[in-house]
Protein chains: 2
Amino acid sequence: MAVSPTKKKILDEASKLFQERGYLASSMRDLAKRVGLKASSLYSHIGSKEELLQKICFDSARGYLEGMRAIEESDMRPTKKVEQLILLHIQIATTDVSSMTIFSEEWRHLSEPYLQEFRNMRRDYERRFGRILQQGMESGEFTEMNVTVCLSTIFTSLRWLHRWYPEKRSISMKALEADLLRFLMNGLRK
Amino acid sequence: MAVSPTKKKILDEASKLFQERGYLASSMRDLAKRVGLKASSLYSHIGSKEELLQKICFDSARGYLEGMRAIEESDMRPTKKVEQLILLHIQIATTDVSSMTIFSEEWRHLSEPYLQEFRNMRRDYERRFGRILQQGMESGEFTEMNVTVCLSTIFTSLRWLHRWYPEKRSISMKALEADLLRFLMNGLRK
DNA sequence: GTCTATAACTTGATAGAC
DNA sequence: GTCTATCAAGTTATAGAC
């Protein structure tokens, strides 16, 4: 299971490169240059360009799903669960910026059957998130509204983090998290 | 200023194609096939592939900026202004789905000097939107929080519309707009 | 493992006949 | 205006020497 240092470097640089330019606009020559190799040498460590995208996408997906399971199994109120889920997204976005971007936007360049598999995992996650929102509405903690609207709004608004974060550090991380969490929880309340 | 029917068809199909697959993943041969021509024939009507992207991006930008100006010039309260801006976004997203997507995500494939110009227009729009939010906080209509956080959250959450809308029609357009508006205005209130 | 060389293919765009 | 033919450049990936 130990990953060689070169392979790790390739994966790290690929994450950054795909984030900056997008998967399609990133060539294996660009990647090799950043790693300090010729393009052909990359293939001693990896099988293909898409394999890199697959690894990034599915590793990220695993992170979300594990976090979701831990929260589901707890006996918190829906309000607290949603708070924890939002904090999970924020934490992933701020600790692993490049993967988050790729996970959010580049996954559609996966080929089958990976594309289908990714979509399934995503839908599973969304359904489980939606179920918690539903519970919160039924228990009267949240205002009644279309679950898909809430869900999509929360997801996409958590997605801007990965664009914004690497740039400005004028506002402290803690303050940012607090304001974002407050805005979204505010949106749900009665 | 009249655009020939063929040119219009090329623009329309380009919008749809770029939205579905992304700008880079769309080839001129794909586009030609949809239009019902050979790739080389496209160049009797347009100058280049990027010219299509430019037109889509800047036409969209114009729509937002015009809407912004009308709202700025009115004498509504900040709350009402923000409501109107959100409705403007919803309206653009639901009437011109493909352009909205490209405007949101594909603009970065513009080359200079268009890229710089686009960024400037975007920043201008964001600043003006931010100023209204600031006014609302100062007047006590909105809760005090980081303006960039509000702004980015509102923008990106309005952006999911263009992914969601073409698919599901189970919820009526009016209900959707109402819930989304409510969620976001809720997020701002004290 | 890394390199050079290259295969096999796709891309945007052009030339020139009709 | 549309076509066929083609160019020039770029792509992922492989072969084989070292």
Side-chain angles (χ1 to χ4, degrees), chain A residues 1-58 102 105-115, chain B residues 1-58 102 105-115:
Chain A
M1 190 58 191
V3 178
S4 78
T6 310
K7 180 153 186 180
K8 177 158 170 39
K9 170 122 192 170
I10 291 172
L11 273 164
D12 287 349
E13 294 295 336
S15 279
K16 284 190 260 178
L17 188 62
F18 294 172
Q19 180 204 9
E20 288 168 30
R21 305 195 198 169
Y23 176 71
L24 286 179
S26 304
S27 77
M28 294 303 272
R29 288 170 177 80
D30 296 331
L31 176 58
K33 201 168 283 173
R34 294 212 186 183
V35 176
L37 288 174
K38 295 292 172 182
S40 58
S41 307
L42 295 173
Y43 292 91
S44 297
H45 304 274
I46 59 156
S48 69
K49 183 186 178 185
E50 199 191 309
E51 188 187 292
L52 293 167
L53 182 63
Q54 287 160 13
K55 185 144 177 47
I56 295 165
C57 287
F58 286 101
I102 298 163
E105 293 174 13
E106 304 297 327
W107 58 267
R108 65 174 167 158
H109 298 115
L110 290 169
S111 65
E112 299 295 0
Y114 302 98
L115 183 60
Chain B
M1 188 62 192
V3 177
S4 78
T6 310
K7 180 153 188 181
K8 175 154 171 43
K9 169 124 193 174
I10 292 172
L11 274 164
D12 287 349
E13 293 294 337
S15 279
K16 284 191 258 176
L17 189 62
F18 294 171
Q19 180 205 9
E20 287 168 31
R21 305 195 196 167
Y23 177 72
L24 286 179
S26 305
S27 77
M28 295 302 273
R29 286 166 176 80
D30 295 331
L31 176 58
K33 200 167 285 175
R34 294 210 187 184
V35 177
L37 287 175
K38 295 293 172 182
S40 59
S41 307
L42 295 173
Y43 292 90
S44 296
H45 304 274
I46 59 157
S48 68
K49 183 186 178 186
E50 199 191 308
E51 189 188 291
L52 294 167
L53 182 63
Q54 287 160 13
K55 185 142 177 49
I56 295 166
C57 287
F58 287 101
I102 299 162
E105 292 172 14
E106 304 297 330
W107 58 268
R108 65 174 167 158
H109 298 114
L110 290 169
S111 65
E112 301 294 359
Y114 303 98
L115 183 59

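Residue numbers begin at 1 in each chain, while the letters A, B, ... track the order of the sequences. The structure presented is a predicted model; accordingly, all values stated were derived computationally and were not measured. Note that these values count all heavy atoms, side chains included, but never hydrogens, waters or copies made by symmetry.
- Note that CG of B:Leu110 and CZ of B:Phe58 are 5.5 Å apart. Values are rounded to the nearest 0.5 Å.
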Contact string for nucleotides 2-14 of chain C, one letter per nucleotide 5' to 3', B = base within protein heavy-atom range under 4.0 Å, S = sugar-phosphate only, - = neither, reads BBB------BBBB
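- Distance A:Ile46 CD1 to D:dT14 P: 10 Å, rounded to the nearest Å.
- B:Ser27 and B:Asp30 form a side-chain donor-acceptor contact under 3.5 Å, judged by distance and modelled atom types alone.
- Between A:Lys16 and A:Asp12 no salt bridge is recorded (no basic side-chain N to carboxylate O distance below 4.0 Å).
- Nucleotide D:dG10 holds its P atom 11 Å from the NZ atom of A:Lys33, rounded to whole Å.
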Yes or no on salt bridge (Lys or Arg N to Asp or Glu O under 4.0 Å) for B:Arg34 and B:Glu20, after CA distance, side-chain angles and deciding distance? CA-CA 13 Å; B:Arg34 294 210 187 184; B:Glu20 287 168 31; 2.8 Å; yes
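- If you measure from atom NZ of A:Lys9 to atom C1' of C:dG1, you get 16 Å, rounded to the nearest angstrom.
- Ring pair B:His109/B:Tyr23 is parallel by interplanar angle, where below 30° counts as parallel and above 60° as perpendicular.
- For A:Leu31 against A:Ala14, the heavy-atom pair with the smallest separation is CD1-N, 3.5 Å.
- As rounded to whole Å, 14 Å separates atom C1' of D:dT12 from atom CD of A:Glu51.
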